[in-house]
Amino acid sequence: FKDDFSTSPHLFTPMSPYDLELPIQTASQLREPKELCTDFSSVDLSFLPDVTQDNKEQNLSEDGHEMQKELDGSLPTKEDSGGFMDESSLSHPGAAQPSPEAPGVCPPLTPMTPMTPATSASESSGIVPQLQNIVSTVNLACKLDLKNIALHARNAEYNPKRFAAVIMRIRQPRTTALIFSSGKMVCTGAKSEEQSRLAARKYARVVQKLGFPAKFLDFKIQNMVGSCDVRFPIRLEGLVLTHQQFSSYEPELFPGLVYRMVKPRIVLLIFVSGKVVLTGAKDRSEIYEAFENIYPILKGFKKPS
Amino acid sequence: MAARGRCPECGSGSLVEDAHYAQQQLVCAACGCVLSEGLLTTTYTDEEHLREVAYSQSTGQKEQQSRCLQRGTRRVQDLCKVLQLPAAFEETAVSYLQRALQLPAFHLASLEKKELLGGCCVFVTCRQRNWPLTMGTVCSLLYARQELFASVYLSLQRELGLSVPALSLADLVTTHLNSFRLFQRTADVPTPFLEDKEQLLARTMGLVELASETWLVTGRHPVPIVTAAAFLAWQSLQPGPRLSCPLARFCRLAGVDLPPPAHLRLKELLEILLGMASQLSWLRSFNLDRRTVVKHIGDLLQHRVFLLRNAFSQQHEDEQQDTTPGQDCPGQGSGSPSPPPVALQQGRPLAGRGQHAGTLRPLLPPCLIHPRKRPRAAAPSAAAVALTGDEPISDSEIEQYLRSPEEIRAFRKAKGWP
């Protein structure tokens, strides 16, 4: 019997064992400071230590583009308390203000961990991962008649033989929901936590209008997906050699390298083009932290071999 | 005992499991309708929905452990024999199999997956001992779908905590070329097509290494690259009679399958070679195209390092390459294999290289050189970004999603409902 290493054509379809729908941005991820700030204004800054005068000056002089290093996991979870800070204003009572700025102009963010020395801040990547998908769940707390919902709602599809839930979509924010007969609902496709919550409320309202006593209990973000571009090609073969305990690179299965970071517990898909996808986060700070952790590692593979 | 689900006849939720002459049945307590009876095997989730499952997709968890292990061990032994693996591999693979079957993740997997478990263990063993075995080969030997094999392999890796080193391309080249039938006289291989194995191997290796350096390998399936490289190597060793032979015919003669991406890899390799040829002084006068460059592959590989440096712009600022003054040196026709002295200029401004870099193709993965146009997602508008998630929701917005009575009537009619 001769060794036969031939492979049949149908085996070459690239497979993704990871069921993610991710539009990977080709646009630059570098943002204006203004955009940066509004992204973070949902963060509760009240736990910050008071910023001294020295700190303030030092921070103001630094590049306005750096930031995520500061966000660690100590942010409050965004549970159904609905306790989001008002996005439009950054003034939190009791929190230290980095500097008095004109309204509409965002101050550069202060490093939140006092231990962070000034030098490490300048090494931060300056690239912000952009959130692409948020998956959240909510309990409507009432039994639902899915056939009835599919009959009375325009934006619903229900095929019980295929899947035991109604698939409902709304246009604004552009999301999809899976509504189960138990009253539990999964909302996917939003680009931010607030959008996800708003969308979930809209679905709940639709269900209410269809005559069910729907409530809005235990809203929880289950997964967040972000993506960004480091702007240089990466030698995946080298990365899998040096970080074998975290990486899995099987070009026969999937063109990207799967990096399972331990702290924070995030899975990163790293591609040869330099695009990175981060998933598995319950909070956006985890995504930012994971990216800041991987960036220096990837930079090490910047030079062609 | 009450079970979940609704009776299809009367819609009542009170279902009870009852035994009729020792045959299990699920009956509606309200109307007496029998929902299901005597299901032989089911997967766990399907049991809840009372759906029947094909035997091969059932878990077979009622099957005895020893039977399953026996079958798996036999499969492993057969595979090792077919692949002519060393004896130690079989022991390791069987030990992995035993460990795996203890875990519920595999013990309760579908029978289809259990069939593949033996093959996965062999595959993992080979990879750990740097024995070049591709998934494609194992799948074809097991008659398995690659998606299923992939999922079993990944869960095996995760559950047993195995570290599997990456496939070594160099070893793969050696074993892949072994299956080419071009080294001995046979009826359908014309004499000019026969080739010496060592020579072909050496040149194919060179081309594969070149492909690896020029970003053609990362993220791509390995076998098509090896096939394309072998083809080019074979052509270049005796270009005269072989240039007219296309890739498809070559694979047929060699008795190997032609993987579809091989054509693309061939194109990419030729593009790289053409770029390199433009830097080789004695080839400058020729107007090379994708066919004629094949004749010079030997030279191109020999001066590979130097040519790559000069033919493609390296985009990194801290790269110590300098190409502008050195560009004319090879033109002085020494043709010696040693590269000209490279001027190390650390702080070289990019602008000085700009005119140069503009004419050269950057050395990047093809996905970056030919990016597919994607519709850019609209940047979040200020209004969208300023969401709190607690905005009021207008009734009109919700009502747009509800059907009007006429629509409902029409829908009902279309579905044939009363």
Side-chain angles (χ1 to χ4, degrees), chain A residues 1-9 11-12 15 17 23-27 38-39 82 84 86-88 151-155 164 170 173 191-198 201-202 205-206 209-210 233 235-237 240-241 244-245 248-249 251-253 255-256 271-274 302-305, chain B residues 49 82-84 134-137 139-140 146-147 150-151 154 157 163 165-166 175-176 178-179 213 215 218-224 256-257 259-261 314 316 319 363-365 367-368 371 374 376-377 380 382 384-391 393 397-399 401-403 407-408 411-412:
Chain A
F1 203 108
K2 199 178 347 177
D3 283 351
D4 189 58
F5 286 86
S6 59
T7 45
S8 40
L11 294 171
F12 285 102
M15 289 169 300
I24 301 197
Q25 297 252 327
T26 51
T38 45
D39 248 5
F84 281 98
D86 188 1
E87 288 264 350
S88 49
L151 174 63
H152 287 93
R154 284 187 185 139
N155 54 344
I170 57 174
K191 301 272 191 213
S192 76
E193 302 91 322
E194 300 78 25
Q195 277 188 24
S196 193
R197 188 188 162 81
L198 179 61
R201 284 175 54 228
K202 290 191 181 175
R205 189 67 80 76
V206 171
K209 285 233 182 261
L210 291 172
R235 291 270 171 208
L236 301 179
E237 311 92 346
V240 76
L241 280 179
Q244 204 183 24
Q245 63 274 45
S248 157
Y249 171 54
E252 286 187 83
L253 288 186
F271 296 89
V272 66
S273 56
K302 196 170 172 179
K303 268 201 183 175
S305 57
Chain B
H49 294 102
V82 162
L83 294 169
Q84 297 172 358
T134 58
M135 269 187 222
T137 309
C139 283
S140 62
Q146 203 175 12
E147 309 91 63
S151 77
L154 290 171
Q157 216 185 349
S163 79
T175 40
H176 193 53
N178 280 340
S179 60
E213 280 166 35
W215 296 103
T218 312
R220 268 93 172 271
H221 203 291
V223 175
V256 282
D257 276 351
Q314 317 284 346
H316 312 299
E319 182 74 35
L363 196 58
L364 289 175
C367 58
L368 285 180
R374 274 185 187 273
R376 291 187 175 192
V385 175
L387 276 185
T388 61
D390 289 315
E391 275 87 0
I393 302 170
E397 190 188 343
I398 300 299
E399 265 148 32
Y401 294 118
L402 302 180
R403 284 202 170 115
E407 280 178 44
I408 295 177
F411 189 76
R412 276 201 132 104

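Every value quoted in this text rests on a predicted model; they were computed, and no experiment measured them. Computed over heavy atoms, backbone and side chain alike; hydrogens, waters and symmetry mates excluded. Just so we're on the same page: letters track the sequence lines, and every chain starts at 1.
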Visitor: Please enumerate all residues that pass side chain to side chain donor-acceptor pair (under 3.5 Å) together with R412(B), with sequence neighbours excluded.
Guide: none

Visitor: Heavy-atom distance under 4.5 Å to chain B: side chain of V240(A), backbone, both or neither?
Guide: side chain

Visitor: With side chains defined as the heavy atoms from C-beta onward, is the minimum distance between E237(A) and P251(A) less than 4.5 Å?
Guide: no

Visitor: Pick from K209(A), Q244(A), Q245(A): which one has the most heavy-atom pairs with chain B under 4.5 Å?
Guide: K209(A)

Visitor: Relative to chain A, which segment of Y401(B) carries a heavy atom at a distance below 4.5 Å: side chain, backbone, both, or neither?
Guide: both

Visitor: Calculate, to the nearest 0.5 Å, the distance between atoms CG and CD belonging to L363(B) and E213(B) respectively.
Guide: 9.0 Å

Visitor: Looking at R154(A) and E407(B), is any side-chain nitrogen of the basic one under 4.0 Å from a carboxylate oxygen of the acidic one?
Guide: yes

Visitor: Side chain from CB out, backbone as N, CA, C, O: work out which of these in L402(B) comes under 4.5 Å of a heavy atom of chain A, or both, or neither.
Guide: both

Visitor: Where does I170(A) contact chain B at under 4.5 Å (heavy atoms): side chain, backbone, both or neither?
Guide: both

Visitor: For R220(B) and Y249(A), work out which heavy atoms get closest and say how close.
Guide: N-OH, 4.5 Å

